[in-house]
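Accompanying notes for the structure given below.
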Amino acid sequence: MFHRKILNQADLEKIKRCVEEVEKTTSGEIVPAIVPKSDFYPGALWRIAFAFSLLFTYVFYYFIDDLPFSYYMVVEILLIPVGFLVARIPFIFRLAITSRELEEEVYQRALEMFHSQGVVNTRDRSGILIFVSKLERKIIILADSGINSKIPEKFWDKIVEKMVPKIKSGKLADAFCDAIEECGEQLTKNFPIKSDDQNELPNDVVGT
């Protein structure tokens, strides 16, 4: 699982314990999730490959301008696979993704995980997904209708804003735990633990 590559076992256990502690006081459910990227972005991949090919074909022509035109076409074609390799560099790849693509794909991936992980299926509709997409450097918190209707507007955005600096400083586990605790305070306030409470969803970090 990808999340095991960027979170060591101690971090995974730390986040899991945070979820367990929070859920001792609420019937709500919190699911922490992280994915390497939200989409393959084929458009961005081809944009980089062609841009790289055209750029270096031009450089080749600049220094050697007395060859038949067909030679430059061959060079351009041969450079496309190299462009695909260059696109594997995260920094360059991100630059080729439009802001609209990024926003749409990250939200869509978070929504898919919200449903696939069963966050939408809790008894009181009080599930919360804390979602991080690494390539895009995006965080999304999705809450089911039960808890979302009781929370002030922009509340989730404020939690996301607090997570960002810690993630940038490499404290991903701490960022998750802080967010889990803040979400837990609202869940405990609005959905306190019940005598017949059951742990409806796993407490582990999920991802692909």
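No path of Ile, Leu, Val, Met, Phe, Trp and Tyr side chains, each step under 4.5 Å between heavy atoms, connects I77 with F84, placing them in separate hydrophobic clusters. I89 and L85 sit in two unconnected hydrophobic clusters of ILVMFWY residues. Membership requires side-chain heavy atoms under 4.5 Å apart, directly or through other members. Criterion: ILVMFWY side-chain heavy atoms under 4.5 Å apart, direct or through other members. Under it, L54 and Y58 are not part of a common hydrophobic cluster. If you chain together hydrophobic residues whose side chains sit under 4.5 Å apart, F69 and L79 never meet in one group. In this structure, M73 is not a member of the same hydrophobic cluster as V75, with clusters built from ILVMFWY side-chain heavy atoms closer than 4.5 Å.
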If you apply the rule side-chain contact (heavy atoms from CB on, under 4.5 Å), what do you find for M113 with V35, and how did you get there? CA-CA 10 Å; M113 187 160 283; V35 297; 3.8 Å; yes

side-chain contact (heavy atoms from CB on, under 4.5 Å), that's the test. Do D196 and R123 meet it? Break it down for me. CA-CA 12 Å; D196 61 345; R123 179 173 61 173; 3.2 Å; yes

Output, in order, the C-alpha distance, side-chain angles, deciding distance and verdict of side-chain contact (heavy atoms from CB on, under 4.5 Å) for E112 and Q117. CA-CA 8 Å; E112 288 174 2; Q117 295 299 322; over 6 Å; no

side-chain contact (heavy atoms from CB on, under 4.5 Å) assessment of D178 paired with M163: CA-CA 8 Å; D178 289 348; M163 291 181 70; over 6 Å; no

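Between I140 and R109 there is no side-chain heavy-atom pair separated by less than 4.5 Å. Side-chain contact between I139 and V164 is present, with at least one heavy-atom pair separated by less than 4.5 Å. Counting heavy atoms from C-beta on, the side chains of V119 and E29 never come closer than 4.5 Å. Here the side chains of I34 and L172 are in contact, with some heavy-atom distance below 4.5 Å. Looking at heavy atoms from C-beta onward, L142 lies out of side-chain contact with I128 at the 4.5 angstrom threshold. S38 is not listed as a side-chain neighbour of Q108, based on a closest heavy-atom distance of 4.5 Å or more. Contact check for F176 versus V132: side-chain heavy atoms found under the 4.5 Å cut-off. Side-chain contact between L45 and F40 is absent, with no heavy atoms from C-beta onward closer than 4.5 Å.
Electrostatic pairing of E182 and K162 counts as a salt bridge here, judged by a charged N lying under 4.0 Å from a carboxylate O. The pair K138-E103 meets the salt-bridge criterion, with a side-chain N (NZ, NE, NH1 or NH2) lying under 4.0 Å from an Asp/Glu carboxylate O.
Closest approach of G127 and I147 over heavy atoms only: O-CG2, 4.1 Å. The two residues E200 and S27 make their nearest non-hydrogen contact at OE2-O, 4.1 Å. Here the closest non-hydrogen pair linking L135 and Y41 is CD2-CE1, 4.3 Å. Across all their heavy atoms, A173 and D11 have their closest contact at CB-OD1, 3.6 Å. The two residues T57 and S53 have their closest heavy-atom pair at OG1-O, 2.6 Å. The heavy-atom pair separating S126 from L187 by the smallest distance is O-CD2, 3.4 Å.
The distance from the NZ atom of K24 to the CD atom of E21 is 3.5 Å, given to the nearest 0.5 Å. To the nearest 0.5 Å, atom SG of residue C183 and atom CD1 of residue I130 are 4.0 Å apart. Distance CG/D204 to CD/E20: 8.0 Å, rounded to 0.5 Å. In this structure, NZ on K150 lies 14.5 Å from CZ on F155, to the nearest 0.5 angstrom. Note that CG of N121 and CG of D144 are 8.5 Å apart. Values are rounded to the nearest 0.5 Å. Separating the OH atom in Y107 from the CG atom in L102 is a distance of 15.0 Å, to the nearest 0.5 Å.
Between the side chains of S133 and E136, a donor-acceptor pair is found at a separation under 3.5 Å. Remark: the T188 side chain and the T26 side chain contain no N/O donor-acceptor pair separated by less than 3.5 Å.
Partner E13 forms a side chain to side chain donor-acceptor pair (under 3.5 Å) with one of Q9, K16, R17 and no other, that one being Q9.
Checked against side-chain hydrogen bond (donor to acceptor under 3.5 Å, both in side chains), E104 has the following partners two or more places apart in sequence or in another chain: R100.
Other cluster members for V74: L78, joined by side-chain heavy-atom distances under 4.5 Å among Ile, Leu, Val, Met, Phe, Trp and Tyr.
Using modelled atom types, one side-chain atom of E23 and one backbone atom of I30 make a donor-acceptor pair closer than 3.5 Å. R125 places no side-chain N or O within 3.5 Å of a backbone atom of S145 that could act as its donor or acceptor partner.
The environment of OH in Y61 is sparse: at most 12 heavy-atom neighbours from other residues, nucleotides or ligands sit within 6.0 Å.
Taking the six-membered ring wherever Trp is involved, the centroid distance between the rings of F60 and F56 does not fall below 6.0 Å.
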